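The structure displayed is predicted, hence computed values, not measured ones.
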There are 2 protein chains.
Amino acid sequence: MSAPSKVTIGDVARHAGVSKGTVSLAYSGKRPVSEETRQRIFSAAAELNWTASHRARALATARTGAIGLVMARDPEVLATDAFFSKFLSGCERVLAEHDMGLMLHAVTTAEAEHLVYERLAAGRADGVILLDVEIDDPRFALVQRLGLPAVVLSAHEPTRGETAGLPTVFSDDSPAITELVALMAEAGHTRIAHVAGPAHYIHGRIRQEAFSAAMRKRGLDDSLVIEGDFTASSGRDATAQLLDLPQPPTAILFANDMMAIAGLSLARSRGVRVPEDLSLSGYDDSELSAHLSPALTTVSTGAVQRGQLAVTTLLAALAGEDPGAVLADHTTVLPRDSIAPPPRP
Amino acid sequence: MSAPSKVTIGDVARHAGVSKGTVSLAYSGKRPVSEETRQRIFSAAAELNWTASHRARALATARTGAIGLVMARDPEVLATDAFFSKFLSGCERVLAEHDMGLMLHAVTTAEAEHLVYERLAAGRADGVILLDVEIDDPRFALVQRLGLPAVVLSAHEPTRGETAGLPTVFSDDSPAITELVALMAEAGHTRIAHVAGPAHYIHGRIRQEAFSAAMRKRGLDDSLVIEGDFTASSGRDATAQLLDLPQPPTAILFANDMMAIAGLSLARSRGVRVPEDLSLSGYDDSELSAHLSPALTTVSTGAVQRGQLAVTTLLAALAGEDPGAVLADHTTVLPRDSIAPPPRP
DNA sequence: CTGAAAGCGCTTACAG
DNA sequence: CTGAAAGCGCTTACAG
């Protein structure tokens, strides 16, 4: 059990009777190497149990072989977020193909976040993906100042200048919201409330705007909106507030599953039947939502595909292309049992 | 916006009129540098906007400055797992202090997992933390063969040889389970069931063994055990199975919150009142559990502290110490509203 | 198809 | 307290 892996490309070269350059070429395939010497090299490497040092390669190629991802949300919230781990797994899928890795950072303050991006830019990552983007997000300027390649993940098609010219992968959250409103309205609901996500997030704002637009287009009152923060606790509180209204809504559209599930639980504990007395919908398609009783109508956001697309787009940018704004169209409403006609008055 | 960061330590040295070595020393403090030249160096660096290249430093020091973490669970399951993101945030806390990062990999097959460890060992990480450990986990031998420093996270004190001599951070899951059984038994329950996690995981097995031991010690029947897989879907199915019994249990102890929440939802949809007709408990303290109605009695596992401790321990191992087995004693039962006396027969 | 050599940008003995 | 130089282990023009 003595320290292994001290064998270098030089040892392999010597063992195979070739130069270090040839060993390198045999693996990279960047120039032809005769079949015979290639075999000699491979068996020498196998015999010596050699693997190229990632650190040396990184310095020589000026590539770290990793992308950065920084999560700036409270870990408690992240914990129950259906999006992240699926997104991560999508990223990993394409990173693995390219022999790359993912540097993950969790921060809780703005200063810490700033620092992390500086460290990433200093050679710990070749580029980053920007999540939970805000209006005029300060990170847009930061990554550009740092010369750190980045792609931003957004919830709608960026208007000009909105993402400061950075490559963007966007899904449009609006159609799904419109569809949910339609589902509720067509079941006969007229008093429909929305428990929104924070409006400073683009995805929070977009969902709320889509809700209002859809309601108004049907001539319905769109004023029943409470802003939550994606946590179960805010979902529960918002639901309590709505149920306490003199004219409580008969349907509530939540901006994510966690808030919806907490709301569902609260409603039932008050003797409000779901969906007979109250219809509900979530957003994000968490595993729980499908296995609740009743199962929660929600929206699958194609988080895995967005992860894949985000990485693909970042790699394209690293290769010198300008990917522009690319659409991820995997958002789908999943109608389940939590929406039914409203009770007779 | 031309490519920045092409400024090197040599530029700074020249600008400050010193050697590259002195610049290096001024920052690392590994040898004294006169206050005056230090200032010259710092202002030169500031003026040129220089930051040391992480890649070059990594090669020179034979340290990557990152630890590896590989998640081998289904992303759908991870998504709703209360443990990971808190654990990650704990890791980050101490990594940040040491100017280090975290390489995260998500894999779904055993081969992929094997490959990931080889890549990590090739210089992408200085060490790894082993999660979701199994009996005779093949990774123990793998990391040792690869010469990859590792610490394992376990759910009980390792018996000799169990973790192959690797440094181990363990929390003992047994006392919390014993306490939950006591809570239920003292409320008057005798037919208590357990919906377990997979027995091939150490934490799954330990919780189940603790359940059986606690039940037997009280002279209660410990045979009502169903093995789930930590998903909401398995929690729902197991609960259905239990409620369909001719003599259904009056209390169910679940091995994690997700299964418990799905079980709670199913029970109520069948008209079974919680906690009046059925008492329930979870494990992991997910954010949702506290904001459900009724709030779920569960177990806080100190995931953040365990993350911190795991990294601290790994850093100690990297520094050449032998940390042995260290106890993380932050497991606490959180009594809430989901346990009450059983209904009168 | 292959070799010898320079270079990537730091750190760290070795001298002074 | 400081400098000059070697070294970390690869890759990649440059020659042949």
Side-chain angles (χ1 to χ4, degrees), chain A residues 3-42 44-45 48-66 99-100 119 121-124 126 147, chain B residues 3-42 44-45 48-66 99-100 119 121-124 126 147:
Chain A
S5 120
K6 285 288 86 183
V7 24
T8 75
I9 198 173
D11 301 320
V12 175
R14 204 171 313 113
H15 204 84
V18 297
S19 72
K20 296 191 291 179
T22 303
V23 173
S24 178
L25 267 359
Y27 279 90
S28 70
K30 293 202 175 170
R31 259 180 13 203
V33 170
S34 81
E35 188 51 31
E36 189 213 315
T37 69
R38 179 204 306 287
Q39 288 309 332
R40 265 215 322 284
I41 290 169
F42 286 177
L48 299 178
N49 195 23
W50 173 77
T51 329
S53 154
H54 180 69
R55 287 185 282 259
R57 197 206 297 270
L59 179 57
T61 58
R63 276 298 189 86
T64 295
D99 199 35
M100 293 183 70
R119 293 223 295 247
R124 300 182 112 103
D126 298 321
Chain B
S5 123
K6 285 288 85 185
V7 24
T8 75
I9 197 174
D11 300 320
V12 176
R14 204 171 314 114
H15 204 83
V18 298
S19 72
K20 297 190 289 178
T22 303
V23 175
S24 178
L25 266 358
Y27 279 92
S28 70
K30 294 203 176 171
R31 259 180 16 204
V33 170
S34 80
E35 189 51 31
E36 189 214 316
T37 70
R38 180 205 306 287
Q39 289 308 333
R40 264 214 325 282
I41 289 169
F42 286 176
L48 299 178
N49 194 21
W50 173 76
T51 328
S53 154
H54 179 68
R55 287 186 283 261
R57 195 205 299 268
L59 179 58
T61 59
R63 276 298 188 87
T64 296
D99 199 34
M100 294 184 68
R119 294 221 296 246
R124 301 184 111 102
D126 298 320

Phosphate OP1/OP2 of [N]: any [X] side-chain N/O under 4.0 Å:
{"X": "B:S53", "N": "C:dG9", "value": "no"}
{"X": "B:K30", "N": "C:dT11", "value": "no"}
{"X": "B:T61", "N": "C:dT12", "value": "no"}
{"X": "A:S24", "N": "D:dT12", "value": "no"}
{"X": "B:K6", "N": "C:dC8", "value": "no"}

Please write out each protein N/O paired with an N/O of nucleotides 4-7 of chain D under 3.5 Å, distance rounded to 0.1 Å.
none

May I have the distance from [X] (atom [atom1]) to [N] (atom [atom2]), rounded to whole angstrom?
{"X": "B:R63", "N": "D:dG9", "atom1": "CZ", "atom2": "P", "value": "15 Å"}
{"X": "A:R40", "N": "C:dC1", "atom1": "CZ", "atom2": "P", "value": "14 Å"}
{"X": "A:E36", "N": "C:dC1", "atom1": "CD", "atom2": "C1'", "value": "11 Å"}
{"X": "B:H54", "N": "C:dC8", "atom1": "NE2", "atom2": "C1'", "value": "15 Å"}
{"X": "A:L25", "N": "D:dC14", "atom1": "CG", "atom2": "P", "value": "15 Å"}
{"X": "B:R14", "N": "C:dC10", "atom1": "CZ", "atom2": "P", "value": "12 Å"}
{"X": "B:D11", "N": "C:dC10", "atom1": "CG", "atom2": "C1'", "value": "13 Å"}
{"X": "A:R55", "N": "D:dC8", "atom1": "CZ", "atom2": "P", "value": "13 Å"}

* Asked: Is the shortest heavy-atom distance from the side chain of B:D99 to the side chain of A:R124 under 4.5 Å?
  -> yes
Under 3.5 Å donor-acceptor, [X] side chain and [Y] backbone:
{"X": "B:T64", "Y": "B:D126", "result": "no"}
{"X": "A:T61", "Y": "A:R57", "result": "yes"}
{"X": "A:R63", "Y": "A:A58", "result": "no"}

* Structure fact -> Re C:dG16: Watson-Crick or G-U wobble partner, both distances kept under 3.5 Å, found to be D:dC1
* Classify the angle between the aromatic ring planes of A:Y27 and A:F42 as parallel (below 30°), tilted (30 to 60°) or perpendicular (above 60°). => tilted
* To do: Inspect the surroundings of CD in B:E36 and state if more than 12 heavy atoms from other residues, nucleotides or ligands are less than 6.0 Å away.
  => no
* Asked: For A:V23, which contact category applies under a 4.0 Å heavy-atom criterion: base, sugar-phosphate, or nothing?
  -> nothing
* Structure fact -> Between B:T37 and A:A52, the residue closer to the 5' end of DNA chain D by nearest nucleotide is B:T37
* Asked: Can you find a donor-acceptor pair, distance only, under 3.5 Å between B:R31 side chain and D:dT2 base?
  -> yes
* To do: Let me see the working for A:D11 and A:K20 under salt bridge (charged side-chain N to carboxylate O under 4.0 Å, His left out), right down to the final yes or no.
  => CA-CA 9 Å; A:D11 301 320; A:K20 296 191 291 179; over 6 Å; no
